[in-house]
**Student:** 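First the structure, then my questions, so here it is.
We count residues from 1, following the sequence as given. Model, not experiment: these values are computed from the prediction.
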Amino acid sequence: MKLLHVIATPRGEESGTLRVSRAFLASLQGQDSDLAVDVVDLYGCDLPAVAGDNIKAKYTLMVGRPIDKNHVESWRRIEALIAHFLSADVYLITAPMWNLSVPYALKYYIDCLVQPGYLFRYDETGQVVPLVHGKKMICVTSRGGDYSAASPMRAFDFQEPYLRAIFGLTGITDIEFINAEPMDVTAELREGAISAAVATAGKLAAQVFSTV
């Protein structure tokens with residue numbers, strides 16, 4: 001099994017989100033000795049531009065025309081990123097909540113990946129047809145406040161709905177969330193949130209191993 005770990009936090013060893021993800025990975029690796037983990041650290045890699053030649057190529061593809069030969073070399077970087085993403089069986093996204101949604105680096109990465117003809121296409125009526133099937137995704141998040149189902153802050157969570165929607169559009173609908181919250185109220189609540197998330201991560205790792 002190949003797992004792609006997409007890290008969308010710049011805090012390294014200080015990241016509470018990454019602490020939970022590493023607990024998930026440790027549990028999964030303990031059950032699957034053949035697990036291959038590939039890492040994309042979004043704050044340590046040079047993503048291709050979604051502008052210039054590449055934005056022209058994108059809109060050319062959207063209307064069903066071949067890419068201009070002058071845009072091919074630039075577009076290959078987008079294609080390489082997409083191929084790398086699609087090579088995985090399971091995805092682990094480590095993303096703290098930033099301003100109610102995802103960190104900008106993760107949004108940039110998603111904007112590179114979600115291209116017509118690769119992760120989705122339009123049918124003759126303009127409806128989206130997903131092109132990615134049989135994949136599983138785990139999203140590990142941390143939130144400063146409490147955005148759980150019973151909280152009045154739930155309506156302000158634009159992180160989980162966005163990730164479910166954008167990857168669901170591509171066909172990845174088997175998505176589980178591990179949310180560590182609240183993280184920014186008191187040190188005691190922070191440690192309790194991380195401990196609860198780590199426990200959830202261990203249980204989820206067992207489920208992933210049995211279903212993938």
Side-chain angles (χ1 to χ4, degrees), residues 3-28 37-45 47 50 81 85 88 90-114 119 132 135-205 207-208:
L3 181 146
L4 180 63
H5 185 190
V6 180
I7 299 175
T9 171
R11 300 189 67 226
E13 297 302 319
E14 296 179 349
S15 169
T17 327
L18 197 54
R19 183 172 155 189
V20 177
S21 287
R22 285 178 173 162
F24 173 82
L25 284 173
S27 181
L28 194 59
V37 178
D38 196 359
V39 177
V40 175
D41 185 343
L42 296 180
Y43 289 93
C45 65
L47 295 174
V50 188
L81 201 69
F85 178 80
V90 181
Y91 304 102
L92 172 61
I93 294 182
T94 298
M97 176 184 279
W98 280 17
N99 293 326
L100 307 180
S101 187
V102 299
Y104 69 87
L106 179 56
K107 179 62 168 62
Y108 194 157
Y109 179 66
I110 290 170
D111 287 344
C112 290
L113 293 175
V114 182
L119 269 62
V132 185
K135 311 282 189 177
K136 185 172 183 67
M137 179 175 286
I138 297 90
C139 297
V140 174
T141 82
S142 60
R143 288 95 177 277
D146 179 4
Y147 296 83
S148 61
S151 170
M153 293 293 289
R154 179 70 169 185
F156 295 97
D157 177 7
F158 296 96
Q159 181 185 38
E160 181 172 336
Y162 169 68
L163 290 173
R164 287 191 183 279
I166 191 62
F167 286 110
L169 178 144
T170 73
I172 303 174
T173 56
D174 186 358
I175 305 176
E176 300 280 358
F177 275 77
I178 304 171
N179 301 321
E181 56 189 353
M183 296 286 283
D184 296 343
V185 181
T186 67
E188 183 178 4
L189 285 175
R190 175 186 174 84
E191 286 306 311
I194 291 177
S195 295
V198 166
T200 300
K203 295 175 184 176
L204 185 56
Q207 294 175 18
V208 170

**Student:** Around atom OH of Y43, are there more than 12 heavy atoms of other residues, nucleotides or ligands at under 6.0 Å?
**Tutor:** yes
**Student:** Using 0.5 Å steps for rounding, measure from the CD1 atom of I178 to the OG1 atom of T17.
**Tutor:** 11.5 Å
**Student:** What's the separation between atom CG in L25 and atom CG in L3, rounded to the nearest 0.5 Å?
**Tutor:** 6.0 Å
**Student:** In chain order, what residues pass the salt bridge (Lys or Arg N to Asp or Glu O under 4.0 Å) check against D111, with sequence neighbours excluded?
**Tutor:**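 With sequence neighbours excluded, D111 shows a salt bridge (Lys or Arg N to Asp or Glu O under 4.0 Å) to K107, given in chain and number order.
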**Student:** Once rounded to the nearest 0.5 Å, what's the spacing between atom CZ of F167 and atom CD1 of I110?
**Tutor:** 4.0 Å
**Student:** Rounded to the nearest 0.5 Å, what's the gap from CG on L204 to CD on E176? Could you check?
**Tutor:**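 Between L204 CG and E176 CD, I get 5.0 Å after rounding to 0.5 Å.
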**Student:** Just to verify, what does A23 make a side chain to side chain contact (heavy atoms under 4.5 Å, CB included) with, not counting sequence neighbours?
**Tutor:** V198
**Student:** Report the residues that fulfil salt bridge (Lys or Arg N to Asp or Glu O under 4.0 Å) with R154, sequence neighbours left out, ordered by chain and then residue number.
**Tutor:** none
**Student:** Who passes side chain to side chain contact (heavy atoms under 4.5 Å, CB included) against F177, sequence neighbours left out?
**Tutor:**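 Side chain to side chain contact (heavy atoms under 4.5 Å, CB included) list for F177, sorted by chain: C139, T141, E160, L163, R164, I175, N179.
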**Student:** Holding to side-chain hydrogen bond (donor to acceptor under 3.5 Å, both in side chains), I want the full list of residues that pass it with D38, two or more places apart in sequence or in another chain.
**Tutor:** H84
**Student:** Tell me, please, which residues at least two apart from Y162 pass ring pair (Phe, Tyr, Trp, His ring centres under 6.0 Å).
**Tutor:** none
**Student:** Is there a side-chain contact between L47 and C45 (heavy atoms, below 4.5 Å)?
**Tutor:** yes
**Student:** Taking C-beta and beyond as the side chain, do L81 and Y109 meet within less than 4.5 Å on heavy atoms?
**Tutor:**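 With C-beta onward as the side chain, the pair touches.
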**Student:** Can you name the nearest heavy-atom pair linking D157 to Q159, along with the distance?
**Tutor:** OD1-N, 2.9 Å
**Student:** Using every non-hydrogen atom in the two residues, find where A205 and L28 come nearest and quote the distance to one decimal.
**Tutor:**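 Result for this residue pair: O-CD1, 3.5 Å.
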**Student:** Out of curiosity, I194 CD1 to S142 OG, how far, rounded to the nearest 0.5 Å?
**Tutor:**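 I194 atom CD1 to S142 atom OG measures 8.0 Å (nearest 0.5 Å).
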**Student:** Can you list everything that forms a ring pair (Phe, Tyr, Trp, His ring centres under 6.0 Å) with F24? Sequence neighbours excluded, please.
**Tutor:**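 F24: no ring pair (Phe, Tyr, Trp, His ring centres under 6.0 Å) contacts found.
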**Student:** Which value, rounded to the nearest 0.5 Å, describes the distance between I93 atom CD1 and L106 atom CG?
**Tutor:**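 With rounding to 0.5 Å, CD1 (I93) is 5.5 Å from CG (L106).
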**Student:** Going by side-chain hydrogen bond (donor to acceptor under 3.5 Å, both in side chains), name the residues that satisfy it together with E13, two or more places apart in sequence or in a different chain.
**Tutor:**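 Checked E13 against side-chain hydrogen bond (donor to acceptor under 3.5 Å, both in side chains); matches are R22.
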**Student:** Could you pull out the closest heavy-atom pair between I172 and M137, with the gap in Å?
**Tutor:** CG2-CB, 4.0 Å
**Student:** Only one of S21, P103, P96 clears side-chain contact (heavy atoms from CB on, under 4.5 Å) with T9; which?
**Tutor:**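 Of the listed options, the one satisfying the test is P96.
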**Student:** Taking side-chain hydrogen bond (donor to acceptor under 3.5 Å, both in side chains) as the test, write out the residues that go with S151, two or more places apart.
**Tutor:** none
**Student:** Listed by chain and number, what are the side chain to side chain contact (heavy atoms under 4.5 Å, CB included) partners of V39, not counting sequence neighbours?
**Tutor:** H5, I7, V37
**Student:** Hey, could you give me each pair passing side-chain hydrogen bond (donor to acceptor under 3.5 Å, both in side chains) that has a residue in residues 181-196? Not counting sequence neighbours.
**Tutor:** R19-E191, R143-E181
**Student:** Report the residues that fulfil ring pair (Phe, Tyr, Trp, His ring centres under 6.0 Å) with Y91, sequence neighbours left out, ordered by chain and then residue number.
**Tutor:** F85
